[in-house]
Amino acid sequence: MAASGETLTSAGYIKHHLTNLQVCAAENMVDGHCSGFWTLNVDSLFWAAILGVAFLFLFRSVAKKADTGVPGKLQCFVEMIVEFVDQNVKDTFHGRSRLIAPLALTIFVWVFLMNLMDLVPVDWLPEAAMAAGIPYMKVVPSTDLNITFALSISVFFLILFYTIRVKGVSGLVKELTLHPFSSPNKFVQALFIPVNLLLESVTLIAKPVSLALRLFGNMYAGELIFILIAIMYGAGILLGGLAGVLQLGWAIFHILVITLQAFIFMMLTIVYLSMASEDH
Amino acid sequence: MSINATLIGQTIAFFIFVWFCMKFVWPPLLAAIEERQKKIADGLADAEKAEKRLELAEVKAKDQLKQAKSEASEIVEQANKRKNQIVDEAKVEAQAEREKILAQAQAEIESERNRAREELRAQVSALAIAGAEKILERSIDPAAHSDILDKLASEL
């Protein structure tokens with residue numbers, strides 16, 4: 001629904017749903033809206049944090065009373081996820097690292113939960129927030145570029161960290177300059193270096209960018225379609241009925257998408273990190 | 001929709017969550033899983049061992065049963081033999097006993113008969129004397145004619 005005072009139009013409705021609840025310093029306010037870098041999307045951060053804490057709380061409570069005998073149903077469920085992640089990590093990452101597996105688990109479950117917010121009917125939480133006096137509430141953190149980029153840039157720094165730890169700074173430089181073109185001739189090699197650097201830099205930068213944009217794009221598009229379907233509810237009985245069918249179909253399809261995106265994010269993280277810590 | 005400080009907040013949250021997961025969630029869960037895997041593997045190995053032992057025990061039991069059966073039949077056979085022996089011995093003994101008892105009885109009968117005969121003879125002689133006395137009307141003096149009487153008695 002549109003913020004109070006505005007007339008209810010489709011464009012306004014969509015815009016309202018796609019606006020974050022933002023806080024910033026008073027000097028950054030430009031006619032009632034925050035601008036500039038020092039702005040916090042409070043709703044994205046809040047939901048991301050809540051979901052992360054929920055995930056950790058659930059898993060920690062299971063881990064604390066983990067039974068090595070016959071496990072309960074919840075423990076079975078949690079262990080299934082843990083083993084699934086562990087298996088994927090073991091299949092892909094051949095080095096030894098205490099970080100990779102928990103990192104992969106955190107990414108998988110957290111991203112999944114953030115995506116899962118997409119299945120909450122689009123008006124519920126924003127309307128509830130409005131009733132509580134909060135003007136904007138964007139509830140799917142993974143439709144916020146900041147959230148997806150935060151994850152992918154963290155992964156990017158871990159890639160650099162692992163490359164340097166395993167191969168050293170010289171190894172990182174060599175990787176950036178001596179591939180994919182190399183020549184035994186020193187002079188030719190020197191000519192290749194700028195080309196290699198350009199190509200490899202793009203490859204390296206493309207990793208976090210693609211990681212973040214893939215998740216963001218999928219979730220944003222999915223969210224937008226849910227919003228568009230929600231608009232159809234107001235367009236008469238016929239279109240409203242059609243919207244119900246569409247929403248159901250899209251939600252069921254979206255279950256696949258959110259799981260798949262979480263899995264892809266996790267898998268690519270493992271793959272990138274294993275590439276970083278292995279010599280070619 | 002622009003990049004802002006949310007990025008930093010989310011990055012911090014991400015690292016905290018990963019750290020927490022690495023420290024407090026992953027190790028106990030994986031340890032529990034691995035320990036259970038080990039338990040199950042041990043259990044399976046034990047079960048296999050037990051099965052083997054059971055097989056062995058079955059074979060052993062069969063052997064022992066066979067042996068016991070043969071022993072039992074041997075014992076029965078021996079017992080039969082011994083029984084026959086005892087019966088035979090008893091028969092022989094009984095025969096001997098019978099003969100002994102028979103001989104004894106015959107001897108007794110013989111002696112009884114002799115005794116009765118002696119008695120009878122004495123009584124007959126007394127009767128004969130009494131008869132003779134009646135006939136002779138006290139003519140015979142028993143003391144004087146005892147030699148005749150004795151002779152008479154021996155002839156009867």
Side-chain angles (χ1 to χ4, degrees), chain A residues 18-20 22 24 34-42 44-45 48-49 52-53 55-56 58-60 62-71 75 78-79 81-83 85-86 98-103 105-107 109-110 141 143-151 153-155 157-158 220, chain B residues 1-69 71:
Chain A
L18 295 181
T19 308
N20 281 110
Q22 293 182 321
C24 54
C34 288
S35 70
F37 182 76
W38 293 109
T39 306
L40 282 178
N41 296 345
V42 184
S44 296
L45 275 176
V53 168
F55 147 62
L56 288 175
L58 176 72
F59 276 55
R60 174 64 187 160
V62 170
K64 250 201 301 210
K65 45 182 195 279
D67 190 6
T68 57
V70 180
Q75 195 185 338
V78 166
E79 281 181 5
I81 298 171
V82 168
E83 256 194 299
V85 172
D86 193 46
R98 284 176 52 240
L99 174 68
I100 303 289
L103 175 78
L105 177 70
T106 309
I107 286 176
V109 181
W110 197 20
T143 57
D144 187 339
L145 260 183
N146 292 296
I147 299 296
T148 60
F149 262 110
L151 296 179
I153 288 172
S154 305
V155 170
F157 280 114
L158 283 174
Y220 192 81
Chain B
M1 188 56 56
S2 55
I3 296 294
N4 57 32
T6 309
L7 185 89
I8 296 169
Q10 174 74 0
T11 306
I12 294 166
F14 181 53
F15 277 107
I16 291 171
F17 287 163
V18 169
W19 171 80
F20 187 89
C21 185
M22 188 174 88
K23 209 83 184 166
F24 301 110
V25 173
W26 188 266
L29 277 175
L30 208 67
I33 290 172
E34 273 165 3
E35 201 174 323
R36 186 169 330 107
Q37 275 175 339
K38 200 173 151 282
K39 253 188 196 172
I40 291 171
D42 286 356
L44 285 177
D46 280 353
E48 207 167 297
K49 244 189 253 166
E51 212 168 298
K52 248 177 215 164
R53 270 212 295 267
L54 181 69
E55 228 165 81
L56 254 141
E58 260 170 15
V59 169
K60 214 173 168 186
K62 236 180 234 172
D63 274 6
Q64 270 177 351
L65 207 64
K66 224 192 226 167
Q67 208 182 328
K69 260 185 195 164
E71 257 171 38

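Letters A, B, ... mirror the listed sequences (proteins, then strands); counts begin at 1.
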Novice: Side chains of B:Gln10 and A:Leu151: does their closest heavy-atom pair fall under 4.5 Å?
Specialist: yes
Novice: Determine whether A:Ile153 and B:Thr11 make a side-chain contact, defined as any pair of heavy atoms from C-beta on separated by less than 4.5 Å.
Specialist: no
Novice: Give the minimum heavy-atom separation between A:Leu45 and B:Gly9, together with the two atoms involved.
Specialist: CD2-C, 3.8 Å
Novice: Tell me, please, which residues at least two apart from B:Ile12 pass side-chain contact (heavy atoms from CB on, under 4.5 Å).
Specialist: B:Ile8, B:Ile16
Novice: Where on A:Phe55 is there a heavy atom nearer than 4.5 Å to chain B: the side chain, the backbone, both, or neither?
Specialist: side chain
Novice: Parallel under 30°, tilted from 30 to 60°, perpendicular over 60°: which one fits the rings of B:Phe17 and A:Trp110?
Specialist: perpendicular
Novice: Please examine the side chains of A:Ile147 and B:Phe14, heavy atoms only from C-beta on, and report whether any two atoms are closer than 4.5 Å.
Specialist: no
Novice: Considering the options A:Asn41, A:Asp144, A:Asn20, which one meets the side-chain hydrogen bond (donor to acceptor under 3.5 Å, both in side chains) requirement together with B:Asn4?
Specialist: A:Asn41
Novice: Which of residues 40-61 of chain B get closer than 4.5 angstrom to chain A, counting heavy atoms alone?
Specialist: none
Novice: Taking side chain to side chain donor-acceptor pair (under 3.5 Å) as the definition, give me every residue that meets it alongside A:Thr106, ordered by chain and number, with sequence neighbours left out.
Specialist: none
Novice: Under the criterion side-chain contact (heavy atoms from CB on, under 4.5 Å), I'd like the reasoning laid out for A:Ser154 against B:Phe15: C-alpha separation, chi angles, the key distance, then a yes or no.
Specialist: CA-CA 8 Å; A:Ser154 305; B:Phe15 277 107; 3.6 Å; yes
Novice: Just to verify, what does B:Arg36 make a salt bridge (charged side-chain N to carboxylate O under 4.0 Å, His left out) with, not counting sequence neighbours?
Specialist: A:Glu79
Novice: Taking B:Thr6 as the fixed residue, which of A:Thr39, A:Asn146, A:Leu145 is the one that meets the side-chain contact (heavy atoms from CB on, under 4.5 Å) rule?
Specialist: A:Asn146
Novice: Going from CG on A:Leu99 to CE on B:Met22, what distance comes out if it is rounded to the nearest 0.5 angstrom?
Specialist: 5.5 Å
Novice: Of all the heavy-atom pairs spanning B:Pro28 and A:Ala66, show the shortest one and how long it is.
Specialist: O-CB, 4.4 Å
Novice: Quick one: what part of A:Val42 sits under 4.5 Å from any heavy atom of chain B, side chain, backbone, both or neither?
Specialist: neither
